[in-house]
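The chains referred to below are lettered A, B, ... by the order of the sequence lines, with proteins before strands, and numbering in each begins at 1. Hydrogens, waters and symmetry mates are skipped; everything else that's a heavy atom, side chains included, is used.
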2 protein chains.
Amino acid sequence: MARQNTVFKDAFNRCLLQLADTASLPSEPELGNVLGVSRTTVRAILARMEELGLIRWNKRAKTVLRQPKAEDYFPEDETNSLSTIIERSFMRRILAGGAEAGMQINELEIARDIGIGTTSVREFLIRFSRFGLIEKRPNSHWVLKGFTREFALELTEVREMFELRSAASFVTLPPEHPAWADLQRVEAIHHELLADIDNRYAEFSELDERFHLLVHRSSANRFIVDFYDIIAIVFHYHYQWNKTNARQRNARALEEHLDYIAALRSRDAEKVEAACRRHLRSARETLLQSIP
Amino acid sequence: MARQNTVFKDAFNRCLLQLADTASLPSEPELGNVLGVSRTTVRAILARMEELGLIRWNKRAKTVLRQPKAEDYFPEDETNSLSTIIERSFMRRILAGGAEAGMQINELEIARDIGIGTTSVREFLIRFSRFGLIEKRPNSHWVLKGFTREFALELTEVREMFELRSAASFVTLPPEHPAWADLQRVEAIHHELLADIDNRYAEFSELDERFHLLVHRSSANRFIVDFYDIIAIVFHYHYQWNKTNARQRNARALEEHLDYIAALRSRDAEKVEAACRRHLRSARETLLQSIP
DNA sequence: TAACTGTCTATTGTCGATAAAAGACAATAA
DNA sequence: TTATTGTCTTTTATCGACAATAGACAGTTA
C-alpha cells in the first residue's frame, strides 16, 4: 500500500460527468488536459469505463454506450488526497477541539490516529508551519502556539497592509485587464446571494475568498498573494466551527463588499481606501469577537 | 544508516571548548542546557571524553585530565545537519550555477547527487517553497521560478512595507526594553567594522542580518519577523557569490545603518522614516544592480 | 530533600522499497 | 506529416524499519 490511487479515482469520477452530453470521448491527451492528469491515468480511466460497460474502446474510437449510474462512481472519501485528509483532521484538532496554546504536537500520535505513516504528517506540519500556528523544536516535538487574540491581531495587521496596497494597485489596472471582468462576475454573485440570503448565506465563505484573492492578485506580488492563503485557510476553518450570527454577519459583509466593489469601479483611490478600511475594520472586529 | 549522529558530534565539539578553563564539568542536566541537547547526548559526549582520556568520569565527578588537541575534534563537515547540507547544495545550484527560470527540479536527481534519500530533499523543498523561488506541480515536479528582477522587486516591496512599520514601532518601545541595549551593542560593532573596514568588511553580512532582525522584531508580529528569514537567506547566499565592490558596498551600508540607528535613538518618527527609506532605497538599488 | 544519575521507553530523522502517476519514444493511423 | 496510441522508463507519494535523540521515572547521592 505505497500509495493510494486517489488521483485515478477522483479523475474517474470527474470523467463520468464528461460523459453526459457526448456520443464519444476525445483523444487521450485531450482528456488528460481536461482532467489535469497524465495519459497513464487517462488510460486507466478508459480501461475501467470499458470494464463497466460505459464505453466501447478501440484505439481512437471511444463510443459512449450508456450514461453512468450512481454506483459507477467511487465513494467520495476515496478520492481525497492524503494531505487533504490530514489537513482536515489537524484543523479540527486545533480549532474545533479545545487545544491550548503551548501544547505539544506529536507526529507519531497524529499518524497513528489517522492510520497513516509519519512521513506525510511531517510534511503536512512543515507546510502548515508557515501559518504561524505551530513551531518546531529541532530534534524534538512541535509546539502549538494557539489560535489566540494575538495571533488574530498579527494576522490582520499584515492582511490590512497587503489588502490596502493591493486595492490601490487594482484601480491602476488598465480597463482591458481581465480582473475587471472578474470583478463584475463577482459583483453579480453578491447580488444573487443577497437576494436569497436566507437560503444562500452559507455560500458567502467561498465568495469572500474569491473576491479578496482577486484583489490581492492585482498586487502582482507573489508574497502578498501567497499570504492570502493564510487568511483564507484560517477564516475557512474558523468560521466553519463558529456559526453564531452567520446569516447576519455574512449579509453585512456582502453589503460592505458591494461598497468596496463600487469604489474599485469608480477608480477613485480615496474612495477605495475608505471602503477597504471600513471592510477590513469590521472583518477584524468580527474575527476578534469570535475568539474567547 | 537511519540517521547520522551529527547532533552528538557537533555538541561534542562545542563541549571540548567548555573544557578550556575548568577543572571539572557541571552536572549532566546543566551541560545539556548549555549545549542545547538532551541528557542522552550529554552522556554520550561524556563517555567519549572519558574514552579519549580527556576526563575521568565517575558519577558526579567529571575531572578534566587534559586539554583537547586538534585531533580530538570531529571533522567539521561531519557536524552539519542534513538539512544544512541540502540547503547549501541547492542554493549553489540555483544562485551560483546558471539556473534558468522555468527549469524543472527533480527530487530524485538532487538526492542522488548529494547521496541521500528523497525524503529529506522533499522536506527541504517544501520548507524552501515559502521563499517564492520554486513552485510545485502536484503529483509531478517542482518548477524553478528563478532569481529574477521581478522576484527582487516583489521581495523588496514587502520588505520595505514591513521594515518601515517595524522601525516606526521601534521608537515606541519603552526605554527599559532590551532592544535598546541590543541596538547599542550593534551600533558599537558598526564602529568597530568601519574602523578596520579593509580587513573586516566581510563581517558585514552577519551584522546586517542582526541589525535588521532586531528592527523587525520590534513589530511583535510573527509574520513580519518570519518574513525576514526570506530576506536574510536571499541576501546571504546572493552576496556570497556576488562579491563585486563588496568592500565599498558594505562601507556605504554601514554608514547608512549608523544614520538609521541615530534616527532610532532620537525617537523622532519622521527622522526614522527618512533614514529607513534612504537605506532601503539604496539596498534595493544594490540588489537590482547585481541581477543581470 | 532536592538535585543528580542509571535505565528504560517514545519520538524524531532518515533510508530503502514499492504502487501510483507522470512522461518519453517509437510505432501507427488519419 | 501530424496527432494519437502502445509500450516502456522515470519520478513521485507513501509506508515500514531503525539508529539517533529526547524524555520519563525510579533509585542514589550529597
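- Ring planes of F128(B) and F124(B): parallel class, angle under 30° (limits at 30 and 60°).
- Neither OP1 nor OP2 of dA30(C) sits under 4.0 Å from any side-chain N or O of R60(A).
- Residue order along DNA chain D, read from the 5' end via each residue's closest nucleotide, puts R122(B) first among A2(B) and R122(B).
- Between dA13(D) and K136(B), a contact under 4.0 Å exists linking OP1 or OP2 to a side-chain N or O.
- The ring of F162(A) has its center closer than 6.0 angstrom to the ring center of F162(B).
- Between F12(B) and Y73(B), the distance separating the two ring centers is not shorter than 6.0 angstrom.
- Contact annotation: side chain of R3(B) to base of dT21(D), donor-acceptor pair absent below 3.5 Å.
- Remark: T41(B) is in phosphate contact with dA22(D), judged by side-chain N or O atoms under 4.0 Å from OP1 or OP2.
- Using a 4.0 Å heavy-atom cutoff across all strands shown, T40(A) reaches at least one base atom of the nucleic acid.
- Between the side chain of T118(B) and the base of dG16(C), no donor-acceptor pair under 3.5 Å is found.
- For E28(B), the side-chain atoms get nearest to dG6(C) when compared with the rest of dG6(D), dT12(C), dG6(C).
- As judged by a 4.0 angstrom heavy-atom cut-off over every strand, S81(B) is placed among residues making no nucleic acid contact.
- Residue N106(A) has a polar side-chain atom (N or O) positioned under 4.0 Å from OP1 or OP2 of dT11(C).
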